[in-house]
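Chain letters run A, B, ... following the sequence lines, proteins first, then strands; residues in each count from 1.
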Protein chains: 2
Amino acid sequence: MAVVQQEPGTEERILAAARRVFIRKGMAGARMQEVADEAGINKALLHYYFRDKQRLFEGVFKGGAEKQFGCIWNSFNDSTELFDAIERFVAAYIDRMLEEPLLPLFIAQEMSRDPEGLRAFVDRGQASRQRFIRLVEEALAAGAIIDIDPRDLLVNMMALCAHPFVARPMLTHIHGMNDEAFRRMMLKRRKSVPEFIIRSIRA
Amino acid sequence: MAVVQQEPGTEERILAAARRVFIRKGMAGARMQEVADEAGINKALLHYYFRDKQRLFEGVFKGGAEKQFGCIWNSFNDSTELFDAIERFVAAYIDRMLEEPLLPLFIAQEMSRDPEGLRAFVDRGQASRQRFIRLVEEALAAGAIIDIDPRDLLVNMMALCAHPFVARPMLTHIHGMNDEAFRRMMLKRRKSVPEFIIRSIRA
DNA sequence: GTCTATATGTAGATAGAC
DNA sequence: GTCTATCTACATATAGAC
């Protein structure tokens with residue numbers, strides 16, 4: 001069976017458009033008309049493919065945890081040592097979010113609106129978090145780091161990665177940055193954040 | 001003129017109710033009906049006091065930067081030395097947000113929706129940020145800290161304070177915390193975060 | 001599958017009595 | 001100043017032709 005570069009079908013165009021609109025405006029702010037426009041169709045057809053707004057939302061994000069964050073959680077599987085794991089995690093997180101800078105704020109928003117709903121995003125990473133905690137315990141046993149709660153450390157790592165994206169409008173305004181300058185700042189942080197963390201926990 | 005404990009008037013009840021609803025649901029998700037209900041009045045009266053939703057929103061948050069974040073920015077004015085400033089800032093930030101845990105996410109959300117709108121929240125802190133940067137430069141000149149971009153340091157401080165509130169639904173679910181457990185965690189971070197930062201930058 | 005046209009529901013806003 | 005009732009606008013959703 002020959003695999004050719006397909007024109008994206010209507011359903012895929014809808015999903016892609018809906019994804020962009022939902023992430024930009026959130027569930028509450030998104031408009032079916034806007035999705036239809038971006039997909040190059042009309043509202044009726046949108047409802048033909050996805051009966052209502054809720055189902056469209058789920059169609060876009062259900063089971064998508066793997067695609068959204070898989071590469072980030074998996075970064076823990078590539079490491080056998082804590083400092084290396086930290087470097088890889090931060091790099092994976094920032095690289096992923098540079099592709100879709102509005103994602104962190106969107107996830108936070110929707111988890112706050114409907115805590116049950118996007119739970120899949122969280123549960124998926126359970127195994128990887130366990131693995132991370134073990135790396136911390138091993139580093140502690142080896143005398144490589146000071147005594148620190150692994151969960152606190154993970155919170156700090158995610159905070160240092162995610163916050164600049166969440167607070168992006170504030171930061172860009174304060175420092176008079178454009179999109180390109182923001183990108184450069186995040187690429188610098190890709191190196192400086194692991195250093196910041198490791199300096200803090202090294203024994 | 002005797003100052004007595006007044007029953008809150010209608011306008012104040014509206015402002016308080018609107019504030020709660022806006023912060024809980026965001027501008028897009030908030031409903032005038034819900035505000036009216038919480039204020040114990042009807043929609044018509046709401047429009048009598050504030051012509052439309054936009055004006056109600058501005059009535060609640062315009063010029064409120066001082067009330068929202070004043071105590072946080074001012075924390076820099078109490079210190080003559082960097083490490084002390086960091087401790088006070090983190091404590092002030094976390095204490096303030098424990099009073100109103102949804103505020104960080106709300107601000108991020110609305111700044112993203114309308115970057116011009118809540119700019120006052122940002123500009124207000126300009127002088128305090130300058131003061132902080134000077135403290136960093138002095139500490140650097142005194143050989144107390146390693147070479148670090150003061151702006152990056154400030155971003156890290158805000159990240160470590162704000163992120164747990166932004167990601168609160170995720171964290172509470174992952175760790176199976178209730179509200180009280182979350183509060184305890186943040187009170188612990190009130191001490192551990194400054195230590196984390198200072199360990200990282202100390203020369 | 002895709003469209004035009006329309007129905008239904010809901011939220012914001014106003015009119016007018018008291 | 002506060003209410004009931006109503007209007008208008010808009011967003012979601014459906015009917016039905018092609």
If I take atom [atom1] in residue [X] and atom [atom2] in nucleotide [N], what distance separates them, rounded to the nearest angstrom?
X: A/Ile14; N: C/dG1; atom1: CD1; atom2: P; value: 10 Å
X: B/Phe50; N: C/dG12; atom1: CZ; atom2: P; value: 16 Å
X: A/Phe22; N: D/dT12; atom1: CZ; atom2: C1'; value: 12 Å
X: A/Leu45; N: C/dA5; atom1: CG; atom2: P; value: 16 Å
X: A/Leu46; N: C/dT4; atom1: CG; atom2: P; value: 14 Å
X: A/Gln33; N: C/dT4; atom1: CD; atom2: C1'; value: 13 Å
X: A/Phe57; N: D/dT12; atom1: CZ; atom2: P; value: 14 Å
X: B/Ile41; N: D/dT2; atom1: CD1; atom2: C1'; value: 9 Å

Exercise. Can you tell me if B/Ser75 uses its side chain to pair, donor with acceptor, with the backbone of B/Ala92 under 3.5 Å?
Worked result: no
Tell me which nucleotide among [options] gets nearest to the side chain of [X].
X: A/Tyr48; options: C/dG1, D/dT2, C/dC3; result: C/dG1
X: A/Ala44; options: D/dA11, C/dC3, C/dA13; result: C/dC3
X: B/Met32; options: D/dT14, D/dT12, C/dG12; result: C/dG12
X: A/Arg31; options: C/dT2, D/dT12, C/dA11; result: D/dT12

For this session: Return no unless some side-chain N or O of A/Asn42 is found under 4.0 Å from OP1 or OP2 of C/dT2.
Result: no
Exercise. Taking only side-chain nitrogens and oxygens of A/His47, does any of them come within less than 4.0 Å of OP1 or OP2 of D/dA13?
Worked result: yes
Exercise. Quick one: does NZ or CZ of B/Arg88 land under 6.0 Å from the six-membered ring centre of B/Phe76, within 45 degrees of the ring axis?
Worked result: no
Exercise. Does B/Arg113 make a cation-pi contact with B/Phe57, if we ask for NZ or CZ under 6.0 Å from the ring centre and within 45° of the axis?
Worked result: yes
For this session: Mind checking A/Ala30 for me? I need base, sugar-phosphate or nothing, with any heavy atom below 4.0 Å counting as a touch.
Result: sugar-phosphate
Problem set entry | Touch class at under 4.0 angstrom, heavy-atom based, for A/Ala28 against every strand present | nothing
Problem set entry | CZ (B/Arg199) with more than 12 external heavy atoms under 6.0 Å | yes
Exercise. Using the ring of each side chain (for Trp, its six-membered ring), is A/Phe69 parallel, tilted or perpendicular to A/Tyr93, with breaks at 30° and 60°?
Worked result: tilted
Exercise. Taking for each residue the nucleotide of DNA chain C bearing the nearest heavy atom, is the 5' side occupied by A/Tyr49 or by A/Lys43?
Worked result: A/Tyr49
